[in-house]
Protein chains: 2
Amino acid sequence: MGQKRVTIRDIAKMAKVSHMTVSRALNNDPRIREETKKRILELVDKLNYRPDARARTFVSKKSNLIGLVVSDISNPFYAELARGIEDKAHEEGYNVIFCSTDNKPERMETYVHLMMDAGVDAFIFASTRIREPVVEKLIDERFPLVLVNRRLRGEAFNYVVLNNIRGAYEITEHLINLGYRRIAIITGTSNMSTGLDRLKGYQQALKDSRIEFSENYVIQGPFTRGTGYEGTKHLLTMKNRPEAIFGGNDYIAMGVIDAVEELGLHIPEDIALVGFDDTEFASNQRIRLTTVSQRKYEMGNLGVQILIDYIERKETDYTHKIILEPRLIIRESCGQKLREKRKNKLTRGSKVESFSSFDRT
Amino acid sequence: MGQKRVTIRDIAKMAKVSHMTVSRALNNDPRIREETKKRILELVDKLNYRPDARARTFVSKKSNLIGLVVSDISNPFYAELARGIEDKAHEEGYNVIFCSTDNKPERMETYVHLMMDAGVDAFIFASTRIREPVVEKLIDERFPLVLVNRRLRGEAFNYVVLNNIRGAYEITEHLINLGYRRIAIITGTSNMSTGLDRLKGYQQALKDSRIEFSENYVIQGPFTRGTGYEGTKHLLTMKNRPEAIFGGNDYIAMGVIDAVEELGLHIPEDIALVGFDDTEFASNQRIRLTTVSQRKYEMGNLGVQILIDYIERKETDYTHKIILEPRLIIRESCGQKLREKRKNKLTRGSKVESFSSFDRT
DNA sequence: CTGAAAGCGCTTACAG
DNA sequence: CTGAAAGCGCTTACAG
């Protein structure tokens, strides 16, 4: 650290050329004689020269830094998404800086500024609310960004999201086909597109099967284990308690299991359960949670691809809109007992992609 | 994006001062009249001026960027560690860029260079092997860095790690106290300090209880669910099969559960199980895995603190060495049946900190 | 308290 | 194919 760093001027002096020529050798510029280039690169190697990234970034106006904004990086869902983002970013020579907002608007603002100060070339937002002034402002300014997982209102942005309505519809329909009628949902709040859309899908499925929708069977809160736990404690003390619970994500479902086990009840005999996301937890053989697969890794990967396309082609319109289709992962947590008891005919239509499947990653 | 960005020179012109004075106003330099400062800052606000971070970084030689190197950010253990790192870093005005090496030496090298090119001020390594040439070279050059979770050989670096030997010792001892004698271990390979130390602790505990150590009861591999799964399939087909399995981390334990359930056996009646790390999975009421608590969040937090202290005090020696003490989290996965059956006297000494505790996070 | 000068280490744009 | 000039937007160090 003590000694002065080697610059292109030092190399130039030793090679008896101008520093400009060294710069050319370093940047694969064709306007240089092969021989000169070779001589310079040998010197570069010998002196262990490394270009000053800060200077480069400064003059080229490109940091090759992508800012990733999630609600919580320690949530396995976002961690896996981050991995998908990271891998593609590195492949393209970009680095990723991240931050966790805990869904707090003020942290969203602070962090966006902090990342701007770090000089990011672009943003990936994975946890926006339906309205997010800071992000909407960036969009107005045409700052390169892509939304992943959750969407804002409107369509004026690039995004990669899951078809959450469809996913929720199908998993609810699956419960209905198994014979359940009193189906509760514990899901995210309606200021997030994911919370909202999953509720919509659930409602639509009930409607299409002419099952009456009841506000009493809807519990909304943050997508956390605690929400599932508290919600279940409440639901199970109702006079007309539900036969099945749809946890809006696997985290919530985990909390449902906590509560059910604590009460000494059994899944699916006493209460059926399904989740959403298909985390590692869900696939454990002791848990076997029926859930909806999200392809988080791919979602992150695609997000970066779109972003880089957008940056490098210097586009200004929003033509990258990807909606991934969900896949039902059927395991034992939603049970069959009721189906057998009631011999409900609706079941014949239910497609079982894999029963008790065990996808290790 | 189209319009030219506002610079301090623009502000200077409008305020009829030199750009130097604007710089002072921006940097809380006391050598400026309050009145001038106020006038300038108003202009700054009005023109929506934001300093060019790239230029600042370039001249000040500080990027306020920390590079985090883990084996896999999508592993919940590292994700939580990352959160601890992120929070402290942001508090101190730093950003964090991360990469996942999958424990591959060549990726370690590639990514370290990529991050150097991004201009990081310092590194946090969470997944080094016992020998890691790239990292050892950085240490030789006195580049600011801290090791977290895993250590290199020797002592010539700053670190924050868990006392893994002690953790493994205590959890093995706990199994012994419950009456188990044939205890197998499935853990990480010995080229990682964590894998090595947990094996050491296990061996020492057996030795202190005069239980014969058998190579046949040791399975090593990556710290993954697959290792636990395959290992268990193997162990359970042995003629003298173990009564208990110590999974080197909760991921491995998860794989053990997969295998045990698949074989239609029960935990802890047929085979007792303990893990290591205390992940969310372990605390689920359906799993109730006895494990060792790691304080990952705190580990990350401390790592950053050490690092910033090191950077800002421009130290060159290694005086920051923190060894966190483990805490046994006792749940039902290791059972009591054997204890009751055998009425083993050894049990009286076992301290039970919490039985079936349920720490939601 | 204020400013003119120099420079950080590169790249861009132009001239030969 | 090579180079001299200019400049990116700031800060550091010095002079007033």
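Reminder, nothing fancy here: chain letters follow the sequence lines and each chain counts from 1.
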**Student:** Tabulate protein N/O versus nucleotide N/O from nucleotides 3-7 of chain D, keeping only pairs under 3.5 Å, one per line.
**Tutor:**
| from | atom 1 | to | atom 2 | distance (Å) |
| --- | --- | --- | --- | --- |
| dG3(D) | OP2 | S18(A) | N | 3.1 |
| dG3(D) | OP2 | S18(A) | OG | 3.4 |
| dG3(D) | OP2 | T21(A) | OG1 | 2.6 |
| dG3(D) | N7 | R24(A) | NH1 | 3.2 |
| dG3(D) | O6 | R24(A) | NH2 | 2.3 |

**Student:** Would you call D52(B) and R56(B) a salt bridge, taking side-chain N to carboxylate O under 4.0 Å as the test?
**Tutor:**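 No, no charged N to carboxylate O under 4.0 Å.
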**Student:** Rounded to the nearest angstrom, tell me the gap between atom CZ in F58(B) and atom P in dT11(D).
**Tutor:**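 In whole Å, dT11(D) P lies 13 Å from F58(B) CZ.
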**Student:** Between Y49(A) and dG9(C), does any side-chain N or O lie under 4.0 Å from OP1 or OP2?
**Tutor:**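 It does not, given that no N or O in the side chain of Y49(A) lies less than 4.0 Å from OP1 or OP2 of dG9(C).
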**Student:** In dot-bracket form, how is DNA chain D paired, counting a Watson-Crick or G-U wobble pair only if both its distances are under 3.5 Å and using | for bases paired to another strand?
**Tutor:** |||.||||||||.|||
**Student:** When we call it a touch if two heavy atoms are under 4.0 Å apart, what does T57(A) touch: a base, just sugar-phosphate, or nothing?
**Tutor:** nothing
**Student:** Run the side-chain contact (heavy atoms from CB on, under 4.5 Å) test on F223(B) and N75(B) for me, step by step, so that the C-alpha distance in whole Å, both residues' side-chain angles and the decisive distance to 0.1 Å come before the verdict.
**Tutor:** CA-CA 10 Å; F223(B) 273 120; N75(B) 175 328; 6.0 Å; no
**Student:** Give the rounded distance in Å between these two atoms: CG of D52(B) and P of dT11(D).
**Tutor:** 10 Å
**Student:** Quick test of your reading of the model: are R83(B) and E80(B) salt-bridged, counting only N-O distances below 4.0 Å?
**Tutor:**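 A salt bridge is absent here (no side-chain N lies under 4.0 Å from a carboxylate O).
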**Student:** Find the distance K62(B):NZ to dT12(D):P and express it as a whole number of Å.
**Tutor:**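 In whole Å, dT12(D) P lies 12 Å from K62(B) NZ.
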**Student:** How many Å lie between NZ on K38(B) and P on dC1(C), as a whole number?
**Tutor:**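 Spelled out: NZ on K38(B) to P on dC1(C) is 16 Å.
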**Student:** Counting heavy atoms from C-beta on, name the nucleotide in dT11(C), dC1(D), dG9(C) closest to the side chain of K61(B).
**Tutor:** dG9(C)
**Student:** Expressed in angstrom and rounded to an integer, what is the separation of N27(A) atom CG from dA13(C) atom P?
**Tutor:** 14 Å
**Student:** What side-chain donor-acceptor pairs closer than 3.5 Å can you find for residues 36-43 of chain A, not counting sequence neighbours?
**Tutor:**
| from | atom 1 | to | atom 2 | distance (Å) |
| --- | --- | --- | --- | --- |
| K37(A) | NZ | N28(A) | OD1 | 3.3 |
| R39(A) | NH1 | A15(A) | O | 2.6 |

**Student:** Rounded to whole angstrom units, what separation is found between the CZ atom of R56(B) and the P atom of dC10(D)?
**Tutor:**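 Computing the R56(B):CZ to dC10(D):P distance gives 8 Å.
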**Student:** Roughly how many Å is it from CZ in R33(A) to P in dC1(D), rounded to a whole number?
**Tutor:** 8 Å
**Student:** Measure the acute angle between the ring planes of F58(B) and F58(A), then classify it against the limits of 30° and 60° as parallel, tilted or perpendicular.
**Tutor:** parallel
**Student:** For the pair K46(A) and D10(A), find out whether any cationic side-chain nitrogen is under 4.0 Å from an anionic carboxylate oxygen.
**Tutor:**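 Answer for the salt bridge query: no.
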**Student:** Closer than 4.0 Å, any side-chain N/O of T36(A) to the OP1 or OP2 of dC1(D)?
**Tutor:** no
**Student:** Would you say that N64(B) contacts D121(B) through its side chain, given a criterion of any heavy-atom pair below 4.5 Å between the two side chains?
**Tutor:**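 Yes, close enough: below the 4.5 Å cut-off.
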**Student:** Mind checking if I32(A) touches a base, just sugar-phosphate, or nothing, with heavy atoms under 4.0 Å?
**Tutor:** sugar-phosphate
**Student:** In this structure, how many angstroms lie between the P atom of dC10(D) and the NZ atom of K13(B), rounded?
**Tutor:** 13 Å
**Student:** We want to know whether H113(A) and E109(A) form a side-chain donor-acceptor pair, criterion being a heavy-atom distance below 3.5 angstrom.
**Tutor:** no
**Student:** For a quick check under 3.5 Å, do K88(B) and Y297(B) share a side-chain donor-acceptor pair by atom type?
**Tutor:**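 There is no such pair (donor and acceptor under 3.5 Å, judged by atom type) between the side chains of K88(B) and Y297(B).
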